[in-house]
Amino acid sequence: MFTNGFSSLQMPKDFEPINAKDEFTELYLVNTKIPMSIKFSTTPTLTGLPEIRADIEKNLKDNDRINLIHSDFIPINDDIYYMIISSFSDGETQIRRNEFLYVKDSNLYIFEFTYPYADRELDDFYLNIIRSLKISVPKYIVEDGEYRINHE
């Protein structure tokens with residue numbers, strides 16, 4: 001189980017944590033046997049999922065190296081997530097990325113699953129991790145166009 005005082009989620013078996021390199025990444029896991037990586041991030045935001053979707057789709061259309069496979073809003077538990085599936089090639093391997101984004105209390109929660117093949121059988125794997133997300137309190141307080149960490 002991963003917890004940071006703001007949110008918690010179930011960590012999948014056989015994944016190892018790696019030190020995150022940016023301030024917004026809460027958890028970065030890898031499984032070299034599959035191989036797959038899982039990244040969970042929280043960032044402050046002033047926009048909702050429709051605006052985030054529009055920005056992501058515009059950026060992907062402008063990027064010739066990334067292929068947009070699927071983009072839609074989906075219900076998970078009682079919440080609405082934006083799901084985007086894309087692929088790109090590193091020259092040798094085709095990489096697939098499934099991202100699930102959720103906004104609550106001016107906090108954007110992002111799940112990113114990256115692996116070198118397309119496998120629909122992983123759908124339950126992703127969803128079980130996402131469904132395990134419990135938000136205790138928002139990590140960021142967003143006021144007057146600025147954000148700060150919630151110390152309350």
Side-chain angles (χ1 to χ4, degrees), residues 1-57 59-60 66 69-88 90 93 95-152:
M1 179 68 86
F2 162 80
T3 186
N4 63 2
F6 304 103
S7 55
S8 63
L9 57 95
Q10 189 65 45
M11 289 183 13
K13 195 171 127 182
D14 298 328
F15 279 76
E16 297 293 324
I18 302 293
N19 286 337
K21 294 183 168 79
D22 67 74
E23 71 175 299
F24 299 117
T25 300
E26 307 292 338
L27 180 65
Y28 188 70
L29 302 170
V30 296
N31 182 330
T32 56
K33 295 174 193 158
I34 298 178
M36 175 187 267
S37 67
I38 301 170
K39 182 176 168 183
F40 172 64
S41 305
T42 307
T43 66
T45 185
L46 291 172
T47 60
L49 286 180
E51 295 88 357
I52 291 168
R53 177 184 185 174
D55 285 346
I56 288 174
E57 289 179 0
N59 289 336
L60 288 180
I66 299 176
I69 298 169
H70 184 77
S71 170
D72 205 354
F73 295 105
I74 63 166
I76 300 177
N77 294 339
D78 293 329
D79 303 310
I80 299 296
Y81 280 72
Y82 168 53
M83 176 183 69
I84 183 162
I85 301 171
S86 61
S87 67
F88 57 94
D90 66 2
T93 308
I95 306 295
R96 182 170 168 129
R97 181 172 47 215
N98 292 14
E99 296 174 88
F100 299 83
L101 295 83
Y102 171 64
V103 173
K104 181 176 181 181
D105 297 326
S106 299
N107 283 243
L108 172 62
Y109 301 89
I110 306 167
F111 291 89
E112 182 181 303
F113 303 89
T114 306
Y115 53 99
Y117 51 84
D119 189 347
R120 292 194 53 80
E121 292 185 17
L122 290 171
D123 288 353
D124 283 338
F125 175 81
Y126 310 135
L127 293 175
N128 287 338
I129 294 170
I130 295 167
R131 286 182 184 126
S132 77
L133 175 65
K134 303 289 184 246
I135 301 168
S136 304
V137 295
K139 181 174 183 176
Y140 297 103
I141 305 293
V142 180
E143 295 174 326
D144 302 323
E146 296 181 354
Y147 70 90
R148 61 182 164 80
I149 292 183
N150 183 1
H151 293 292
E152 298 172 16

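Quick caveat: nothing in here was measured; it's all calculated off a predicted structure.
Between Gly5 and Ser136 the shortest heavy-atom distance is O-CB, 4.1 Å. In this structure, Ser86 and Ile69 approach most closely via the heavy-atom pair C-CD1, 4.0 Å. Pairing each heavy atom of Ser71 with each of Tyr82, the nearest pair is OG-OH, 2.8 Å. Across all their heavy atoms, Tyr109 and Lys139 have their closest contact at OH-N, 4.5 Å. Between Pro116 and Pro35, the shortest heavy-atom contact is CD-O, 3.1 Å.
Counting only N and O atoms by type, the side chains of Tyr115 and Arg96 include a donor and acceptor under 3.5 Å apart. Judged by distance alone, the side chains of Asp79 and Tyr102 do bring a donor and an acceptor atom under 3.5 Å apart.
Distance check: Tyr126 OH to Met36 CE gives 4.5 Å after rounding to the nearest 0.5 Å. Leu108 contributes atom CG, which lies 5.0 Å from atom CG of Leu101 (distance to the nearest 0.5 angstrom). Going from atom CD1 of Ile52 over to atom CD1 of Ile84 covers 11.5 Å, rounded to the nearest 0.5 Å. The distance from atom CZ of Phe111 to atom CG of Leu127, rounded to the nearest 0.5 Å, is 10.5 Å. Rounding to the nearest 0.5 Å gives a distance of 7.0 Å between CZ of Arg131 and CG of Asp124. In this structure, CD on Glu146 lies 10.5 Å from CG on Leu46, to the nearest 0.5 angstrom.
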- Please lay out, stage by stage, how Glu99 and Ile85 fare under the test side chain to side chain contact (heavy atoms under 4.5 Å, CB included). CA-CA 6 Å; Glu99 296 174 88; Ile85 301 171; over 6 Å; no

- Task: For the pair Lys39 and Glu26, evaluate salt bridge (charged side-chain N to carboxylate O under 4.0 Å, His left out) and give the outcome as yes or no after the intermediate values.
- Result: CA-CA 8 Å; Lys39 182 176 168 183; Glu26 307 292 338; over 6 Å; no

- His151 and Ile149: side chain to side chain contact (heavy atoms under 4.5 Å, CB included), yes or no, with the steps? CA-CA 6 Å; His151 293 292; Ile149 292 183; 3.9 Å; yes

- Item | From CA spacing to verdict: side chain to side chain contact (heavy atoms under 4.5 Å, CB included), Phe15, Val30 | CA-CA 5 Å; Phe15 279 76; Val30 296; 5.6 Å; no

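At least one side-chain heavy atom of Arg148 sits less than 4.5 Å from a side-chain heavy atom of Glu143. Contact check for Ser106 versus Pro138: no side-chain heavy atoms found under the 4.5 Å cut-off. Counting heavy atoms from C-beta on, the side chains of Met11 and Met1 never come closer than 4.5 Å. Taking 4.5 Å as the limit, every side-chain heavy atom of Ser41 sits out of range of all side-chain heavy atoms of Tyr28. Contact annotation: the side chain of Phe40 never approaches that of Leu29 to less than 4.5 Å [non-hydrogen atoms, C-beta and beyond]. A heavy-atom distance below 4.5 Å is not found between the side chains of Phe6 and Ile135. Looking at heavy atoms from C-beta onward, Ser87 lies out of side-chain contact with Ile95 at the 4.5 angstrom threshold. Side chains of Ile130 and Leu9 form no contact here, defined as non-hydrogen atoms less than 4.5 Å apart.
Ring geometry, Tyr140 versus Phe24: the interplanar angle exceeds 60°, so the pair is classed perpendicular (tilted spans 30 to 60°).
Thr3 places no side-chain N or O within donor-acceptor distance of the main-chain N or O of Ser8, the cut-off being under 3.5 Å. Side-chain atoms of Thr45 come within 3.5 Å of backbone N or O of Thr47 as a donor-acceptor pair.
Phe100 and Tyr81 have their aromatic ring centers separated by at least 6.0 angstrom.
Using a cutoff of 4.0 Å between basic side-chain nitrogens and carboxylate oxygens, Glu51 and Arg53 are not scored as salt-bridged.
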